[in-house]
Amino acid sequence: MRNQPKYNFFKNTSYALKGLIDLIKTETSFKIELIITLILLPVIIFIDATLTNKALLFISLMGMLLAEATNSAIERVVDLVTLEHHNMAGRAKDVGSTIVFISIFIFVITWAIVLIDTF
């Protein structure tokens, strides 16, 4: 039996919003990517592209935010465990950075292909 409270949609939503607010307050990379997202969301709406291409643009954009949030979570857990330099801690943080790097690569390639195809 797991030691956790019953599922509560409103409580869980408040936890998610609390995490989002914390990311916005404390993570510069997340802020930059959020600004990019807010700028590019209207582009997705108004661009003359197929619905499938718009979905690809949206998914690649959101994937970048998801990757940054995942990286931040990894870094926080590692820092909670140890603030001393440890090889495995560094490797865990490097993997988190790789997740972000790959998501940005996917974002750039997807947007380039769709925009080239559209125009």
Side-chain angles (χ1 to χ4, degrees):
M1 183 173 196
R2 292 172 43 184
N3 184 19
Q4 73 182 51
K6 281 186 161 184
Y7 177 81
N8 181 315
F9 177 79
F10 296 106
K11 209 175 242 187
N12 290 6
T13 301
S14 73
Y15 298 149
L17 293 174
K18 184 179 173 184
L20 177 62
I21 291 167
D22 187 60
L23 279 171
I24 293 168
K25 285 182 179 179
T26 61
E27 297 293 333
T28 303
S29 295
F30 188 83
K31 284 186 235 182
I32 292 167
E33 291 165 6
L34 185 60
I35 290 168
I36 291 168
T37 299
L38 294 174
I39 291 168
L40 292 179
L41 277 175
V43 172
I44 295 171
I45 294 167
F46 295 113
I47 193 172
D48 187 25
T50 66
L51 186 58
T52 302
N53 282 348
K54 287 183 179 196
L56 289 171
L57 295 176
F58 180 76
I59 291 166
S60 68
L61 196 55
M62 292 300 116
M64 188 171 57
L65 290 178
L66 288 170
E68 191 63 54
T70 302
N71 182 44
S72 295
I74 291 169
E75 288 180 350
R76 290 170 186 204
V77 169
V78 167
D79 289 345
L80 176 67
V81 173
T82 180
L83 290 176
E84 296 176 23
H85 177 74
H86 189 281
N87 185 41
M88 289 300 289
R91 289 172 60 191
K93 287 184 173 189
D94 291 346
V95 170
S97 294
T98 301
I99 294 168
V100 174
F101 177 79
I102 291 170
S103 74
I104 292 171
F105 180 77
I106 291 169
F107 160 75
V108 168
I109 297 300
T110 302
W111 276 73
I113 291 169
V114 170
L115 292 178
I116 289 168
D117 184 52
T118 302
F119 299 108

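Nothing here was measured: the structure is a model prediction, and the numbers come from that model.
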Report task. List in chain and number order the residues that pass salt bridge (charged side-chain N to carboxylate O under 4.0 Å, His left out) with Lys93, two or more places apart in sequence or in another chain; answer none if no residue qualifies. Result -> Asp79

Query raised in the report: Do Val43 and Leu57 pass the side chain to side chain contact (heavy atoms under 4.5 Å, CB included) test, and can you show the C-alpha distance, the side-chain angles, and the key distance before you say yes or no?
Result: CA-CA 10 Å; Val43 172; Leu57 295 176; 5.9 Å; no

Same cluster (ILVMFWY, side-chain, under 4.5 Å), [X] and [Y]:
| X | Y | value |
| --- | --- | --- |
| Leu41 | Phe30 | yes |
| Met62 | Ile44 | yes |
| Leu40 | Ile24 | yes |
| Val108 | Ile36 | yes |
| Ile32 | Leu38 | yes |

Requested in this report: Applying side chain to side chain contact (heavy atoms under 4.5 Å, CB included), run through Val114 and Lys54 and close with a yes or a no.
Outcome: CA-CA 8 Å; Val114 170; Lys54 287 183 179 196; over 6 Å; no

Once you round to the nearest 0.5 Å, how far does [atom1] of [X] lie from [atom2] of [Y]?
| X | Y | atom1 | atom2 | result |
| --- | --- | --- | --- | --- |
| Ile104 | Ser29 | CD1 | OG | 8.0 Å |
| Leu115 | Ile47 | CG | CD1 | 4.5 Å |
| Leu56 | Ile106 | CG | CD1 | 11.5 Å |
| Glu33 | Met64 | CD | CE | 5.0 Å |
| Leu23 | Asn71 | CG | CG | 10.5 Å |
| Leu61 | Leu34 | CG | CG | 9.5 Å |

Query raised in the report: Is the backbone N or O of Phe107 less than 3.5 Å from a side-chain atom of Thr110, with the two atoms forming a donor-acceptor pair by type?
Result: no

Query raised in the report: Is a side-chain donor or acceptor of Ser103 paired with a backbone partner of Val100 at a separation under 3.5 angstrom?
Result: yes

Query raised in the report: Is it true that atom NZ of Lys31 has more than 12 heavy atoms of other residues, nucleotides or ligands lying nearer than 6.0 Å?
Result: yes

Report task. Can you establish whether the number of heavy atoms outside Arg76 located under 6.0 Å from its atom CZ is more than 12? Result -> yes

Query raised in the report: Closest heavy-atom contact between Ala89 and Val78?
Result: CB-CG1, 3.4 Å

Query - Asp48 to Thr118 - nearest heavy-atom pair and separation - result: O-CG2, 3.1 Å

Query - Student check: side-chain heavy atoms of His86 and Met88 closer than 4.5 Å - result: yes

**Report entry** 4.5 Å side-chain heavy-atom contact, Ile74 and Val95
**Finding:** no

